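The structure under discussion appears below in the form of structure tokens.
Keep in mind that what you see is a predicted model, and the values were worked out from it rather than measured. Chain A is the first sequence line, chain B the second, and so forth, proteins listed ahead of strands; every chain is numbered from 1.
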2 protein chains.
Amino acid sequence: MYKVKRGLIRSYTIDEKGKEHIYMFGPENWIVADYCGPQEPCQLYIDVLEDGELEVTPKELPVEEIPDPDALLRRLQVMQNRIVMLMSSTAKERYEHFVQTYPDIIQRVPQKMIASYLGITPEALSRVRKALSNRE
Amino acid sequence: MYKVKRGLIRSYTIDEKGKEHIYMFGPENWIVADYCGPQEPCQLYIDVLEDGELEVTPKELPVEEIPDPDALLRRLQVMQNRIVMLMSSTAKERYEHFVQTYPDIIQRVPQKMIASYLGITPEALSRVRKALSNRE
DNA sequence: CTCGCGCATTGATGTAGATCAAGAAAGCAA
DNA sequence: TTGCTTTCTTGATCTACATCAATGCGCGAG
């Protein structure tokens, strides 16, 4: 469980076909963690995109001492939105939503990572962007 | 925030095109809630599939008094899996995973709801099932 | 029983986005 | 600067799944 003080990190999985899927970005003040059970192997990888400073919490911590329970609720909310979005929106809609929600992140990571976060290929994202910029 | 004592409930959204998307099923001992912010309108609907008994917690409850914080962590884990799955798996893989994970629910709800949970159409689910039963 | 209605199945066709391949730009090291 | 690597773009084709439409199958109400 990492709390980002400065910098930018990402967490992602690699599926059976070897493809990376970005699960979330962690800019300043976000908490990034792999919430897997106590014994099961975690399925997320985490790495650093921009140097910075992290605060690490061991996952053995008893639940009662979770530093910021509100953050958990906010996280649930974000994930809920993400699921609804993955089920009901097109690539274009998802991208527009991402731009609105995380305008700063767009500047800070390569497009292929945004594509990966959105669940589409870099090619598809490129075309979406083109379509949007054409119709101003 | 509902805790299911007996019975079966579901939560779902309705998108702009009027389509329903089942967000989760709530069998015995599950907690179902819409984790939206304090003011924003909730986006989930909840209704009952099998009569039973619910325990209701008002959402104004301060975070510290959340009855079962472990449940929140488990929930995060389930949602994490769901997101990864929506991004990386085909309809068939998602269905197989669902069957393994919730074998009982399959018996209890109509297929169209399972399709909706998986993010596919009932027709597509029907074909997936046919394909699976053909190759034994 | 039988009528009606929601659910499941099946087929034909459409489409968003994936995949493959090849260039063009943009970093970045030396 | 030059060259090398990585990212972005563009086009052609392919495929999983959606959509539309028709048919069959329970099942509950009358």
Task: Closest non-hydrogen atom pair, B/Tyr45 against B/Thr13 - done: CD1-CA, 4.3 Å
Open item on the list: Has B/Thr101 got a side-chain atom pairing as donor or acceptor with B/His97's backbone, closer than 3.5 angstrom?
Closed with: yes
Open item on the list: Please tell me if B/Thr121 has a side-chain N or O lying less than 4.0 Å from either OP1 or OP2 of D/dA18.
Closed with: yes
Open item on the list: Once you apply a heavy-atom cut-off of 4.0 Å, does A/Lys19 come out as touching a base, just sugar-phosphate, or nothing?
Closed with: sugar-phosphate
- [ ] Send over the distance from A/Leu132 CG to D/dT9 C1', rounded to a whole Å.
- [x] 15 Å
Would you tabulate the nitrogen or oxygen pairs shorter than 3.5 Å linking the protein to nucleotides 6-8 of chain D?
from  : atom 1 : to       : atom 2 : distance (Å)
D/dT7 : OP2    : A/Lys112 : NZ     : 3.2
D/dC8 : OP1    : A/Gln111 : N      : 2.6
D/dC8 : OP2    : A/Gln111 : N      : 3.4
D/dC8 : OP2    : A/Lys112 : N      : 3.0

Open item on the list: Quick one, A/Arg108 and A/Leu49 - any side-chain contact, counting heavy atoms below 4.5 Å?
Closed with: no
Task: Donor-acceptor contact present, side-chain B/Ser88 to main-chain B/Val84, <3.5 Å - done: yes
- [ ] May I ask you to say whether A/Lys5 pairs ionically with A/Glu55, meaning some side-chain N is under 4.0 Å from a carboxylate O?
- [x] yes
- [ ] Round to a whole Å and report the spacing from CG of A/Leu86 to P of C/dA16.
- [x] 18 Å
Task: Whole-Å distance separating the CE atom of B/Met87 from the P atom of C/dA18 - done: 12 Å
- [ ] Would you mind reading off the distance between B/Tyr95 atom OH and D/dC17 atom P, rounded to a whole angstrom?
- [x] 15 Å
- [ ] Could you tell me the separation between the NZ atom of A/Lys130 and the P atom of C/dA24, rounded to a whole number of Å?
- [x] 15 Å
- [ ] Compute both the distance and the angle, then confirm whether A/Arg82 meets the cation-pi test with A/Tyr117: under 6.0 Å from the six-membered ring centre, within 45 degrees of the axis.
- [x] yes
Open item on the list: Using whole Å, what does the distance between atom P of nucleotide C/dT19 and atom CD1 of A/Ile120 come to?
Closed with: 12 Å
- [ ] Kindly point out which of D/dA18, C/dG17, C/dT19 is positioned nearest to the side chain of A/Glu123?
- [x] C/dT19
TODO: Would you mind telling me which of C/dG17, C/dG11, D/dC17 lies closest to the side-chain atoms of A/Thr90?
DONE: C/dG17
- [ ] To the nearest Å, give me how far apart CZ (A/Arg94) and C1' (C/dG17) are.
- [x] 10 Å
Open item on the list: From CZ of B/Arg127 over to P of D/dT15, roughly how many Å is that when rounded to an integer?
Closed with: 17 Å
Open item on the list: Test of understanding: with salt bridge (Lys or Arg N to Asp or Glu O under 4.0 Å), list the residues that count as partners of A/Asp47, not counting sequence neighbours.
Closed with: A/Arg10
